[in-house]
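Below you'll find the structure, written out as structure tokens, and then a few comments.
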2 protein chains.
Amino acid sequence: MKLDLDFLHDKFGKIFEVGLLKELAEFGTYMDVEEGFVLMRPGGYIRTVPILLSGSVKIVRSDSEGREALLYYLGEKDSCAMSLTCCLNSRQSEITAITDSQTQLISVPVSKIEEWMTKYLSWKEFVFMTYQKRFDDLLAAIDQIAFFKLDERLISLLKKKSAQCGCTVFNVTHEELGNELATSREVISRLLKQLERLGRVKLSRNKIELLDIVLK
Amino acid sequence: MKLDLDFLHDKFGKIFEVGLLKELAEFGTYMDVEEGFVLMRPGGYIRTVPILLSGSVKIVRSDSEGREALLYYLGEKDSCAMSLTCCLNSRQSEITAITDSQTQLISVPVSKIEEWMTKYLSWKEFVFMTYQKRFDDLLAAIDQIAFFKLDERLISLLKKKSAQCGCTVFNVTHEELGNELATSREVISRLLKQLERLGRVKLSRNKIELLDIVLK
DNA sequence: GGGGCTTTGTAACAATTATCACTGAACAAG
DNA sequence: CTTGTTCAGTGATAATTGTTACAAAGCCCC
């Protein structure tokens with residue numbers, strides 16, 4: 001599918017110049033990928049930078065033994081700072097990026113990233129804003145891991161997930177939550193049961209409903 | 001003290017263009033600060049970006065209750081990505097930067113950061129390399145906190161400190177190590193004693209000597 | 001409607017880390 | 001040399017998190 005200029009204008013008219021929108025339409029590649037698609041994996045070479053149109057992408061750090069730690073989510077109009085640094089320094093990925101829901105995005109080739117930096121002020125600002133945001137995200141991730149206990153981190157993760165999907169009920173297994181918090185399934189089950197007993201969540205197979213958690 | 005062009009040429013001749021070196025000499029401010037000087041604290045406004053000439057700077061994340069987590073060290077020719085993002089987006093600092101030894105640095109005003117980006121290719125590259133490095137550092141910090149147990153993190157921290165000072169003996173209190181690993185002094189004392197019993201370190205008041213640890 | 005798979009619940013126990021409460025050693029300064 | 005202060009050692013105990021092992025519930029599909 002070809003990118004439609006009117007569509008881009010609606011989406012990005014407020015942050016990008018007209019000339020840039022045209023180039024985005026011309027050189028960007030539209031992609032529509034299903035949930036669970038791996039956009040990037042550690043060691044992979046990165047030749048394009050994604051810009052999300054809709055949906056969400058989970059950015060995860062994995063260690064050598066297959067354990068994981070959730071870093072942050074990308075949402076609408078977000079882009080990936082890792083891709084940027086990797087592209088601009090032609091290095092391999094250090095992280096895993098995986099779609100967390102049906103996701104539409106524009107894929108921009110490396111060559112244009114640099115070219116537009118000098119050509120369009122709004123693109124330069126976008127790139128630096130992306131860095132800033134991802135730095136903040138990483139710092140927030142460090143806060144969570146370093147300063148909070150698991151139960152609090154779990155609640156925080158549930159909130160984040162509900163914010164991502166925009167609703168209080170979502171599908172997820174205890175296993176997946178365990179992976180994202182770099183702990184085991186059993187621990188998550190225990191903590192969730194505890195939260196259910198406190199009336200803060202409602203559990204069923206493959207599904208969690210937040211009760212008071214969002215409101216607090 | 002005025003910055004000497006020859007000195008800058010020796011230090012940065014390989015990475016910066018001549019024109020840039022001249023501007024650095026003209027607009028940069030030379031600073032020589034003692035150990036323990038706080039260059040930046042959370043909430044502080046940032047109007048300059050530091051570039052280290054020698055010494056080292058510790059970058060730390062603090063939470064609201066005063067607990068800390070070491071993020072990374074800056075060494076010679078390093079610069080701070082936080083400063084960059086904060087300057088370029090005129091935001092407040094999210095971290096603490098404190099000199100870890102006698103440190104010499106050049107302080108570059110915000111206005112020049114942006115100007116040089118379009119003017120000097122080598123400066124643009126330097127800025128992006130800085131982002132890349134700090135991203136890597138943050139990811140490494142997350143790896144440590146998320147995937148390793150305290151004893152391993154302690155060893156890793158000791159190694160880092162010895163690398164910073166370039167020797168196997170250095171001054172540090174258990175209290176300080178505890179802060180940097182976001183744990184208590186007692187825990188550190190116990191782990192260190194364990195390491196001493198294994199013949200891997202030699203402890204005395206305010207001082208730690210690494211024995212086999214460096215070699216491994 | 002009976003396997004086979006995935007997901008969840010949970011008890012029992014182990015390991016790790018945190019906290020509290022002291023004690024004594026090292027040092028600095030009068 | 002005494003005194004006050006900082007730093008380190010350590011036992012006891014608690015809290016948190018990890019591991020093992022197994023049972024049961026939900027779901028898919030023939």
Side-chain angles (χ1 to χ4, degrees), chain A residues 35-36 63 65-70 142-158 161 169-211, chain B residues 35-36 63 65-70 142-158 161 169-211:
Chain A
E35 180 179 333
D63 81 343
E65 274 107 51
R67 276 182 306 179
E68 296 186 347
L70 174 68
I142 288 178
D143 285 350
Q144 284 288 315
I145 304 176
F147 301 134
F148 292 95
K149 285 191 301 181
L150 258 180
D151 53 351
E152 298 178 277
R153 292 175 55 204
L154 176 57
I155 291 174
S156 160
L157 177 58
L158 294 176
K161 285 200 176 286
V169 190
F170 46 85
N171 296 322
V172 69
T173 67
H174 300 184
E175 177 84 41
E176 188 184 336
L177 293 171
N179 284 338
E180 298 184 3
L181 296 177
T183 184
S184 68
R185 195 271 310 165
E186 292 87 334
V187 172
I188 298 294
S189 290
R190 213 165 22 216
L191 292 174
L192 280 175
K193 212 63 200 169
Q194 206 172 292
L195 286 176
E196 188 174 48
R197 274 192 284 267
L198 293 172
R200 308 190 62 181
V201 300
K202 191 161 171 303
L203 305 173
S204 30
R205 186 189 170 91
N206 233 311
K207 191 170 85 175
I208 295 183
E209 180 176 356
L210 303 194
L211 300 176
Chain B
E35 180 180 333
D63 81 342
E65 274 107 52
R67 277 182 307 180
E68 295 186 348
L70 174 68
I142 287 178
D143 284 350
Q144 284 288 317
I145 305 176
F147 301 134
F148 293 93
K149 283 189 304 179
L150 257 180
D151 53 352
E152 297 179 276
R153 292 175 56 203
L154 176 58
I155 291 175
S156 162
L157 177 58
L158 294 176
K161 286 199 176 286
V169 191
F170 46 85
N171 297 322
V172 68
T173 67
H174 300 185
E175 177 84 41
E176 188 184 336
L177 294 170
N179 285 337
E180 297 184 4
L181 296 177
T183 182
S184 69
R185 196 267 314 163
E186 292 91 328
V187 171
I188 298 294
S189 291
R190 247 196 303 263
L191 291 174
L192 280 175
K193 212 63 199 167
Q194 207 172 290
L195 286 176
E196 189 174 48
R197 275 192 283 266
L198 293 171
R200 307 189 63 182
V201 299
K202 192 159 169 304
L203 304 175
S204 29
R205 186 190 170 92
N206 232 310
K207 191 170 85 175
I208 295 183
E209 179 176 359
L210 303 193
L211 301 174

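Every chain is numbered from 1, with letters handed out A, B, ... down the list of sequences.
- The CG atom of Leu195(A) sits 15 Å away from the P atom of dT8(C) (whole-angstrom rounding).
- Using a 4.0 Å cut-off, no side-chain N or O of Ser189(A) falls inside it from OP1 or OP2 of dT7(C).
- Rounded to whole Å, the distance from CG on Leu191(B) to P on dT17(C) is 7 Å.
- In this structure, Leu203(B) places its CG atom 21 Å from P of dT6(D), rounding to the nearest Å.
- Between Glu152(B) and Lys149(B) there is no salt bridge, since no side-chain N of the basic residue sits under 4.0 Å from a carboxylate O of the acidic one.
- Comparing Thr173(B) and Asp151(A), the nucleotide of DNA chain D nearest to each residue sits closer to the 5' end for Thr173(B).
- Contact of the Val201(B) side chain with the Leu203(B) side chain is registered, since non-hydrogen atoms from C-beta on lie closer than 4.5 Å.
- As rounded to whole Å, 15 Å separates atom P of dT16(D) from atom CZ of Phe148(A).
- Note: NZ (Lys149(A)) to C1' (dT17(D)) measures 11 Å, nearest angstrom.
- Taking only side-chain nitrogens and oxygens, His174(B) comes nearer than 4.0 Å to OP1 or OP2 of dG9(D).
- Look at CG on Leu192(A): it is 14 Å from C1' on dT10(C), rounded to the nearest Å.
- Using a 4.0 Å heavy-atom distance criterion, Ser184(B) is classed as a base contact.
- The nearest whole Å value for the distance from the NZ atom in Lys193(A) to the P atom in dT8(C) is 11 Å.
- Across dC7(D), dA18(C), dT10(D), the shortest atom-to-atom separation from the side chain of Asn206(B) is found for dC7(D).
- In the interface, the side chain of Arg185(A) is not paired with the base of dG18(D) through any donor and acceptor atom under 3.5 Å apart.
- When the nucleotides dG9(D), dA25(C), dA18(C) are ranked by their closest atom to the side chain of Arg205(B), dA25(C) comes out on top.
- Atom CZ in Arg153(A) sits 9.5 Å away from atom CG in Leu70(A) (nearest 0.5 Å).
- Taking the side chain of Val187(A) as heavy atoms from C-beta on, and the options dG18(D), dC20(C), dA26(C), the nearest nucleotide is dG18(D).
- A 4.5 Å side-chain heavy-atom check between Val169(A) and Lys207(A) finds at least one atom pair inside the cut-off.
- Between the CZ atom of Arg190(A) and the C1' atom of dA21(D) there is a distance of 13 Å, rounded to whole Å.
- With a 4.5 Å cut-off on side-chain heavy atoms, Leu210(B) and Arg200(B) do not count as touching.
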